[in-house]
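FYI, the numbering just counts along the sequence from 1. Values in this document were obtained by computation on a predicted structure and should not be read as measured data. Atoms within each ligand, like the ligands themselves, are counted from 1 in listed order.
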Amino acid sequence: MNIMTTPTGTEFDQTQLEIRRVFDAQGITALRLRQSGKAERLQKVRKLKSALLAHKDEVIAAGFADFGKPAVEVELSEILPVIAEANDAIRKLGRWMKPKKVWPSRMMAGTSGYTQYEPKGRVLIVAPWNYPVNLSLGPLVSALAAGNTVILKPSEMTPHASAVIGKIVRAVFTEDEVALFEGDAPVAQALLELPFDHIFFTGSPAVGKIVMAAAAKHLASVTLELGGKSPTIVDQTADLRAAAQNILWAKFTNNGQTCIAPDHIYVHASVKEAFLGHCVAVLESAYGKGAEQAGSASLARIVNQRHTARVKSLLDDATARGARIVTGGAIDEAQRYIAPTLLDGIPDDAKIMREEIFGPLLPVIGYDQLDTVIARINAEPKPLALYVWSRKQANIAKVMQQTSSGGACINHCVVQFLHGNLPFGGVNNSGIGSAHGHYGFLAFSHERAVVRTRIMLAKMFYPPYSSLTRRLVALFIKTV
Ligand SMILES: NC(=O)c1ccc[n+]([C@@H]2O[C@H](COP(=O)([O-])OP(=O)(O)OC[C@H]3O[C@@H](n4cnc5c(N)ncnc54)[C@H](O)[C@@H]3O)[C@@H](O)[C@H]2O)c1
């Protein structure tokens, strides 16, 4: 597996000069784009959409070359969401761009007011490797719809996907509109030195903090789409079979390398064995029995050797501390393969309960009291997603009211990402700000507040101040 590393020495100096040159060129374009209308913006979105569809086979081949991703998963999770994002913008941009009139608040009698949506200007999009196309081009659609110029830095860990994204971007845009720079952390850091107007980062909380610190130097606004450990609760009233099918689909798509994948499951002790039985049956029907799973064409691979070793170390640590492998556990490090693995009896101090797993291991933890589960969730950083499986409204309401997470599903997993009318994002450690649809447009727009005078009532308060002025202020304080 090739990792696209940053060039060293004079080559890197050259990259930095290139970045600066493109950034400066985008400055001129960004000023012009302030006045861009719907037609110009949508032309770009449409061209991007067509180019993605034209390169569909290359995107599928890249997904396979980078991490053995099945074609269906590439279509479903890399191509479809970008097309949906583009179509949403094509249908609704006119409405999104339109200034929104507001009523004057009491103190503003005599004025009219509206919100104007300005492009932020020059924006930087930094993407991760797990859905390289979706998480580069999805935000790109929103940034273009909002009228920005963009520099895009895809992940160095999926070089085939980066190459196709680069091809698409170069086929459609001039570099002063959208430019792409490949490379690892040093290239990202060279980009972060620049005074972008907005930074849209998708990746780990650890790097999110670096990005936010860099943004602070220029007071650039940020959208941080981060990760974390997303818990899933299955209570004693849940449809266990439906839960097992859906949770395992959500978990093992992309081989567990999904930011909103169920990280671990709390299942009521009274139904745990039955639930595990359904899970084993679901895994066998999806991927085959035992050793057959390694040959399943429906399972992606772990992205590289480093991550394979990381996931293996989580498994080794858990079993060394007494965890039981319910199913799975087979490892072929050379093939970057770890079988879909369910773990039971994991002690709280196991590493797997501290770090985001981001791989095909699924801890299943029995519980007796829902309150205990809620207390455990609330003792951890707020997750990106939370899933609850139950037929009891009181339990659902309790979980939804007493916990916090970026998004949530009731009797479903991961589909909140695909819902174009909902904000997608985290909260605190799992992220800041939202993406998708209208929320994506807003992330890349400045909401400028505009007040227009009709009748100049403010002159009642001009100096010299008199007792009448004070009486008027007093009246305002009472009635506002
Ligand atoms: N919230 C979401 O929508 C979402 C989606 C996908 C992945 N994620 C999260 O992303 C993480 C996995 O992705 P990843 O491993 O690519 O994340 P990462 O944070 O390691 O890397 C993300 C991007 O940041 C760059 N980068 C790495 N180190 C950097 C540094 N020191 N300074 C500046 N940039 C740097 C990388 O080159 C890459 O382009 C997981 O935590 C996952 O949950 C979140």
Side-chain angles (χ1 to χ4, degrees), residues 3-6 19 66-67 77-78 81 85 124-139 142 151-159 161-162 165-166 180-194 196 199-215 217 222-230 251 253-263 302-304 306-308 310-311 355-359 381-385 405-407 414 416-419 422-436 439-440 443:
I3 291 186
M4 174 68 62
T5 50
T6 300
I19 287 173
D66 283 330
F67 47 147
S77 65
E78 291 276 66
E85 191 75 76
L124 172 65
I125 296 174
V126 180
W129 54 265
N130 61 329
Y131 293 96
V133 176
N134 176 351
L135 298 172
S136 299
L137 300 188
S142 300
I151 292 184
L152 177 60
K153 200 215 73 74
S155 172
E156 67 280 14
M157 294 217 232
T158 40
S162 295
I165 298 165
L180 179 139
F181 286 94
E182 289 187 45
D184 52 9
V187 167
Q189 278 161 359
L191 288 163
L192 289 170
E193 293 285 314
L194 298 171
F196 281 97
I199 301 170
F200 187 105
F201 171 80
T202 308
S204 59
V207 179
K209 288 174 194 172
I210 296 172
V211 169
M212 193 157 173
K217 285 195 198 140
V222 290
T223 305
L224 302 178
E225 298 281 345
L226 309 178
K229 291 181 80 61
S230 298
K251 176 73 181 188
T253 292
N254 215 27
N255 211 356
Q257 303 164 112
T258 302
C259 57
I260 48 174
D263 181 272
I302 298 175
V303 69
N304 58 28
R306 178 165 68 80
H307 274 280
T308 310
R310 181 188 61 77
V311 178
E355 292 174 22
E356 180 179 7
I357 299 171
F358 225 60
K382 292 173 197 159
L384 182 58
S405 64
V414 301
Q416 75 276 27
F417 186 91
L418 298 172
H419 199 309
L422 283 174
F424 181 82
V427 48
N428 298 127
N429 198 65
S430 53
I432 295 176
S434 300
H436 295 181
Y439 299 93

Looking at every non-hydrogen atom in both residues, tell me the closest pair between [X] and [Y] and how far apart they are.
X: Thr258; Y: Asn130; value: CA-ND2, 3.8 Å
X: Asp263; Y: Glu355; value: OD2-O, 4.3 Å
X: Pro383; Y: Val427; value: O-CG1, 4.1 Å
X: Ser434; Y: Glu225; value: C-OE2, 3.7 Å
X: Ile260; Y: Ala385; value: CG2-CB, 4.0 Å

Pairs of nitrogen or oxygen atoms closer than 3.5 Å, one from [X] and one from ligand 1: do any exist?
X: Asn130; answer: no
X: His307; answer: no
X: Lys153; answer: yes

Of all the atoms in ligand 1, which lie at a distance below 4.0 Å from a heavy atom belonging to [X]?
X: Gly227; answer: 41 (O), 43 (O)
X: Leu135; answer: 5 (C), 6 (C)
X: Ile210; answer: 31 (N), 32 (N)
X: Glu225; answer: 1 (N), 2 (C), 3 (O), 4 (C), 44 (C)

Task: side chain to side chain contact (heavy atoms under 4.5 Å, CB included) between Gln189 and Asp184, intermediate numbers included - done: CA-CA 9 Å; Gln189 278 161 359; Asp184 52 9; over 6 Å; no
Measure the distances from the heavy atoms of [X] to every atom of ligand 1 and state whether one is below 4.0 angstrom.
X: Ser155; value: yes
X: Phe424; value: yes
X: Phe201; value: yes
X: Ala127; value: yes

For [atom], the protein heavy atom that lies nearest, with its residue and separation:
atom: atom 34 (N) of ligand 1; value: Ala188 CB, 3.1 Å
atom: atom 19 (O) of ligand 1; value: Ser204 OG, 2.7 Å
atom: atom 8 (N) of ligand 1; value: Cys259 CB, 3.4 Å
atom: atom 15 (O) of ligand 1; value: Trp129 NE1, 2.8 Å
atom: atom 1 (N) of ligand 1; value: Leu226 O, 2.7 Å
atom: atom 37 (O) of ligand 1; value: Glu156 OE1, 2.6 Å
atom: atom 32 (N) of ligand 1; value: Gln189 NE2, 3.3 Å
atom: atom 13 (O) of ligand 1; value: Pro128 CB, 3.4 Å

Open item on the list: Side chains of Val187 and Glu182, heavy atoms from C-beta outward: is any pair under 4.5 Å?
Closed with: no
TODO: Answer side chain, backbone, both or neither: which part of Leu384 comes under 4.0 Å from ligand 1, heavy atoms only.
DONE: side chain
Task: Side chain, backbone, both or neither: Phe358 near ligand 1, heavy atoms under 4.0 Å - done: side chain
Open item on the list: Are His436 and Phe417, when compared by the centres of their aromatic rings, separated by less than 6.0 Å?
Closed with: yes
Open item on the list: Please evaluate residues Leu124 and Phe201 with respect to the criterion side chain to side chain contact (heavy atoms under 4.5 Å, CB included), reporting the C-alpha separation (whole Å), side-chain torsions for both, the decisive distance (0.1 Å), and the verdict.
Closed with: CA-CA 8 Å; Leu124 172 65; Phe201 171 80; over 6 Å; no
Open item on the list: Looking at Gly228, is its backbone amide N or carbonyl O close enough to the side chain of Asn429 to form a donor-acceptor pair, meaning the two atoms are under 3.5 Å apart?
Closed with: no
Task: Parallel, tilted or perpendicular, as decided by the 30° and 60° cut-offs, for the rings of His307 and Trp129 - done: tilted
TODO: Kindly identify the option in Val207, Leu224, Val126, Thr202 whose heavy atom sits closest to atom 22 (C) of ligand 1.
DONE: Thr202
TODO: Pick, from Gly203, Pro139, Ser162, the option with the minimum heavy-atom distance to atom 11 (C) of ligand 1.
DONE: Gly203
Task: Verdict with supporting geometry, Val133 and Thr158, side chain to side chain contact (heavy atoms under 4.5 Å, CB included) - done: CA-CA 10 Å; Val133 176; Thr158 40; over 6 Å; no
Open item on the list: Quiz question for you: does at least one protein heavy atom lie closer than 4.0 Å to atom 39 (O) of ligand 1?
Closed with: yes
- [ ] Could you walk me through whether Leu226 and Leu384 pass side chain to side chain contact (heavy atoms under 4.5 Å, CB included), step by step?
- [x] CA-CA 7 Å; Leu226 309 178; Leu384 182 58; over 6 Å; no
Open item on the list: Regarding Ser142 and Tyr439, do their side chains bring together a donor and an acceptor under 3.5 Å, going by distance alone?
Closed with: no
